[in-house]
Amino acid sequence: MKSLPPEIEDYAPESGSLAARAAASAGRPRYLDALNPEQRAAVETLDGPVLVLAGAGTGKTRALTTRIAHILALGKARAYEILAVTFTNKASREMRERVEALVGEGAQAMQWLGTFHAISAKILRRHAELVGLKPNFSILDTDDQIRLLKQVLQAENIDDKRWPARALAMRIDGWKNRGLAPAQVPAAEAESFANGKGAALYALYQERLKVLNAVDFGDLLMESLRLFRENPDVLADYQRRFKYILVDEYQDTNVAQYLWLRLISQGRRNVCCVGDDDQSVYGWRGAEVENILRFEQDFPGAKIIRLERNYRSTGHILAAASHLISHNEGRLGKTLFTDGDDGDKPTLTGVWDSQEEARAIGEDIEQLGRKGHSLEEIAILVRASFQMREFEERFVEIGLPYRVIGGPRFYERLEIRDALAYLRCVAQPADDLAFERIVNTPKRGLGDATLQLLHEYARRERVPLMQAARFLTESEELKPKPRGALRSLIGDFDRWRTLIDAKPQHELAELVLDESGYTEMWRQDKTPESAGRLDNLKELVRAMEAFPDLAAFLEHVSLVMEADSATDQQQRVSIMTLHGAKGLEFETVYLPGWEEGLFPSQRTLDEQGRAGLEEERRLAYVGLTRAKRRAKIFFASNRRIHGLWQPTVPSRFIDNLPSGNVEVVEAPSASQYGSYGVSRFANLDAYDSDYATPGWKRAKAGADFARGEPMRESRPSRGKQPTTIEGEVLARSSAAARHKAGARVFHLKFGPGTVAAVDGNKLTVDFDKAGRKMVLESFVQAG
DNA sequence: ATTAGCATCCTTTTT
DNA sequence: GGATGCTAAT
């Protein structure tokens with residue numbers, strides 16, 4: 001077996017060393033003074049499994065980073081003997097920075113600090129051959145993954161209209177999240193795709209990945225799991241190596257990650273997981289709250305430490321958030337408290353539509369700005385990214401500087417992906433997906449026909465496309481023109497490849513992009529974006545300088561798809577999704593779009609039922625607890641969905657707020673826009689009554705009425721709701737109860753039709769005019 | 001082989 | 001209302 005490199009360059013005092021003893025004898029180290037008793041327990045309880053339940057704003061990261069510093073200071077382990085896993089790149093960067101702040105350069109040696117995916121990739125590269133890969137395997141992103149699946153579907157003659165590659169990708173991801181190899185997929189689920197071919201397609205896809213010497217995100221976990229299971233000696237080595245293991249955001253781990261962690265921690269069992277069950281918001285991508293709820297069973301003898309003292313928010317905000325989240329069942333339960341002021345009550349404002357919402361929030365922010373508040377301390381947190389546009393448009397109009405966080409990412413841009421495909425072809429000649437992407441970009445006269453030929457040959461001879469191309473240019477099978485183009489392309493790649501070791505990677509990249517004609521292509525392009533694209537390419541080349549070599553850069557790119565080089569000094573308001581806001585805090589937080597269907601998301605409700613509702617509520621909790629001093633909730637009575645204006649109903653989460661801690665506020669200068677919708681809420685007396693007052697109900701009924709077709713079948717009438725949870729309607733329109741085969745329905749776009757089949761929330765409908773379509777149940781009304 | 005025009009899908013959330 | 005992917009026309 002392959003032994004691990006020695007890493008002797010890292011220094012940390014041996015446990016018995018002078019330095020360690022000096023530190024110990026100096027009494028309590030200074031960094032412990034900054035902690036409260038619970039945090040200190042989280043830091044000092046080093047041996048055995050520990051679960052730290054850290055509520056929002058309770059100093060979780062501080063506890064975690066101090067714990068690392070403590071381990072290092074006591075000499076219990078060296079930096080490279082600590083495994084510290086986070087969920088996002090953002091979190092691991094922050095952790096590294098903060099450990100560095102505590103222990104200085106020592107943090108540099110934390111080479112096992114990173115995301116589950118990054119660490120898995122690192123391990124996998126060291127032992128690639130044991131799982132049938134070469135050490136330079138490519139990591140495919142979602143886009144590549146779908147393109148590959150498309151090919152698999154095509155090869156199997158499966159209609160990818162009826163069975164879209166995207167849907168298959170989601171299923172496969174789901175299986176991988178649950179740690180299921182193709183053979184382990186439950187029969188019932190395997191059946192459910194393409195008439196029972198689900199698992200078989202999964203298996204074929206895995207085969208293709210191996211041929212391509214590639215893995216997808218899920219494989220990073222799956223393959224390292226397999227590596228550990230099939231090679232106990234390798235596993236034992238890592239078990240021995242990691243003297244202390246820390247896991248951040250434990251509530252977000254999926255089954256595969258849990259299994260991975262359990263394997264790797266069985267050695268010394270010094271595992272410390274930090275998390276908050278109330279902030280578990282990634283269930284949709286396989287996170288299992290159960291993991292954290294079950295911790296004590298999984299790690300017998302575990303100590304549980306609760307951090308409940310909140311340092312972030314004022315009293316009313318905390319009260320509102322706590323009351324909201326108390327509507328969830330299945331919590332471990334924490335009671336956050338603060339010694340601080342009550343502060344301002346969170347506000348609740350109703351507006352006519354989403355445009356007025358943007359207008360009102362824009363004005364409110366301007367007002368704060370005039371009062372001297374920093375825009376950096378203001379954020380707008382939305383449920384879904386399409387909500388952002390309205391704010392952007394409005395803010396551009398009024399000249400309010402803003403920044404969208406988590407928007408289209410640098411490495412997802414077309415030109416960047418193309419450039420990377422070139423580099424991947426240079427570094428990893430077997431990377432067919434990359435090759436395919438750029439064979440004809442810029443245009444070289446290598447179209448479908450040529451590619452078809454390449455594919456045939458590659459398939460027959462079981463070689464990568466690049467090699468197929470090489471052979472074909474030497475035969476007579478190609479017409480002269482494509483043959484020449486292909487030959488010169490191959491020649492280029494061969495030449496570039498000889499330069500890998502001769503030139504710094506950023507210079508090589510520049511050369512490749514120029515010689516391939518790629519930059520020229522954009523220079524010729526006259527569309528308005530082309531200049532920006534060229535800038536991005538320059539930026540890419542510049543970013544490469546910081547890496548030791550091309551391979552290291554490509555690794556970084558596949559795993560850390562982000563780049564925020566915007567280093568301007570101007571203050572900006574942040575616009576981001578609620579998911580993206582997790583872990584952040586702001587003085588003032590705007591929470592727009594609290595409407596049924598949008599938040600909670602109808603889709604989540606339809607697909608996940610009660611678990612989905614609770615997750616949405618946790619998201620609301622996350623949103624509220626981001627606010628330090630001001631939280632401002634908005635809901636609109638009308639919103640444009642799929643280009644059509646639809647009346648909306650205030651979110652049930654508004655009913656979950658404690659009326660005593662919330663203030664109902666009229667939108668600033670709303671009347672000038674003739675918004676009669678607002679006044680209803682202004683009249684609502686929220687002080688001495690709950691929201692379930694006659695006034696509130698009237699307000700809601702008003703929204704119903706605005707729907708135009710008063711109380712028709714478009715919504716289930718009160719009283720015979722399909723599913724009820726804690727007195728709440730789960731799904732405003734649950735398919736099962738509403739439409740049966742044969743029923744007449746009406747669809748806004750397709751018109752009247754007859755239901756042919758029902759599949760969960762999807763209906764197959766024979767429309768009178770539009771023919772047979774599969775539509776979401778929520779888009780049709782009984783008709 | 002390339003392009004323009006048309007149809008269709010969609011809209012969570014991310015490693 | 002918008003992007004993406006396909007078909008049909010050049």
Side-chain angles (χ1 to χ4, degrees), chain A residues 85-92 114-121 139-143 145-147 150 160-161 164-167 170 173 176-177 215-221 249 252-254 256-257 280-287 381-390 393 406-409 411-412 414 440 442-452 479 481-482 485 557-562 576-582 593 597-608 612 615-616 618-619 622-623 639-645 749-750 770-771 773-776 778-779:
Chain A
V85 209
T86 65
F87 201 64
T88 64
N89 294 305
K90 197 168 71 182
S92 63
T115 63
F116 275 102
H117 295 269
I119 288 172
S120 294
I139 300 170
L140 305 187
D141 63 19
T142 319
D143 211 70
Q145 189 189 9
I146 287 171
R147 282 194 295 148
K150 253 185 200 155
D160 72 342
K161 279 255 165 43
R166 180 170 290 280
M170 277 170 55
D173 280 346
K176 288 184 176 175
N177 284 338
V215 298
D216 63 18
F217 282 124
D219 279 345
L220 291 172
L221 269 299
E249 306 279 19
D252 287 333
T253 51
N254 62 33
Q257 287 158 339
S280 166
V281 293
Y282 284 107
W284 51 274
R285 73 180 214 202
L381 310 183
V382 297
R383 174 64 182 84
S385 47
F386 72 82
Q387 292 172 263
M388 292 178 177
R389 181 180 309 164
E390 214 119 32
E393 281 169 5
R409 279 171 294 180
Y411 290 112
E412 280 170 6
L414 174 79
N440 204 26
K443 305 265 177 284
R444 301 188 173 89
L446 297 170
D448 281 349
T450 312
L451 206 57
Q452 197 66 42
K479 297 216 170 69
K481 236 204 290 183
V557 166
S558 359
L559 292 170
V560 192
M561 296 275 265
E562 46 89 41
M576 64 183 95
T577 64
L578 286 159
H579 286 89
K582 206 168 87 160
L598 176 60
F599 191 35
S601 144
Q602 187 62 46
R603 192 164 152 181
T604 304
L605 261 39
D606 287 346
E607 287 171 7
Q608 317 276 344
E615 178 154 317
E616 294 284 308
R618 290 193 290 266
L619 209 42
V622 166
R639 189 169 293 273
R640 192 157 47 188
I641 300 160
H642 300 147
L644 291 162
W645 284 99
K749 197 159 154 201
F750 301 127
K773 306 268 181 215
M774 180 103 84
V775 296
L776 275 182
S778 46
F779 284 26

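In what follows, chains are A, B, ... by sequence order, proteins preceding strands, each numbered from 1. A quick note: this is a predicted structure, and the numbers were derived from the prediction, not measured. The figures that follow rest on heavy atoms only: side chains count, while hydrogens, waters and symmetry mates do not.
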A/K582: which of A/K90, A/M576, A/E249 passes side chain to side chain contact (heavy atoms under 4.5 Å, CB included): A/E249

Separation of B/dT14 P from A/M170 CE (nearest whole Å): 15 Å

Length of the line joining A/N254:CG and B/dT14:P, which is rounded to integer Å: 16 Å

Spacing of A/R639 atom CZ relative to C/dG1 atom P, expressed in whole Å: 16 Å

Distance, rounded to the nearest Å, where A/L559 contributes CG and B/dT15 contributes C1': 8 Å

Nucleic acid footprint by protein, nucleotides 5-10 of chain C - heavy-atom cut-off 4.0 Å, B for base, S for sugar-phosphate alone: ------

Spacing between A/L598 atom CG and B/dT11 atom P, to the nearest angstrom: 15 Å

Within-4.5 Å side-chain heavy-atom neighbours: A/F217 and A/Q145: no

Minimum-distance nucleotide (side-chain atoms of A/F386 versus B/dT11, B/dT15, B/dT3): B/dT11

Side-chain heavy atoms of A/F599 within contact of A/L578, under 4.5 Å: yes

Close side-chain approach of A/Q257 and A/V85, heavy atoms under 4.5 Å: no

Gap between atoms CG and P, on A/L644 and B/dC9 respectively (whole Å): 16 Å

Between C1' of B/dC10 and CZ of A/R389, the distance in whole Å: 12 Å

5' priority, DNA chain B, between A/G447 and A/T115 [closest heavy atom]: A/G447

Sequence-distant partners of A/T253, side-chain hydrogen bond (donor to acceptor under 3.5 Å, both in side chains), two or more places apart: A/N291

Among C/dG2, B/dT14, B/dT15, the nucleotide that comes nearest once only the side chain of A/W284 is considered: B/dT14

Sugar-phosphate only, base, or nothing, as touched by A/A449 at under 4.0 Å among non-hydrogen atoms: sugar-phosphate

Nucleotide of B/dT3, B/dT14, B/dA1 approaching A/K443 most closely (side-chain heavy atoms): B/dT3

Whole-Å gap separating P (B/dT15) and CD (A/Q257): 12 Å

Closest to side chain of A/R640, choosing from B/dT14, B/dT15, C/dG1: C/dG1

Touch class at under 4.0 angstrom, heavy-atom based, for A/F116 against every strand present: nothing

Presence of A/N440 side-chain N/O under 4.0 Å of B/dT2 phosphate oxygens OP1/OP2: yes

Upstream residue (5' side of DNA chain B) when A/R166 and A/T142 are each assigned their closest nucleotide: A/R166

Validation row: A/H117, A/I139 side chains within 4.5 angstrom (heavy atoms): no

Touch class at under 4.0 angstrom, heavy-atom based, for A/L220 against every strand present: nothing

Polar side-chain atom of A/D252 near backbone of A/A287 as donor-acceptor pair, under 3.5 Å: no

Neighbour count above 12 (heavy atom, 6.0 Å) for A/R285 CZ: yes

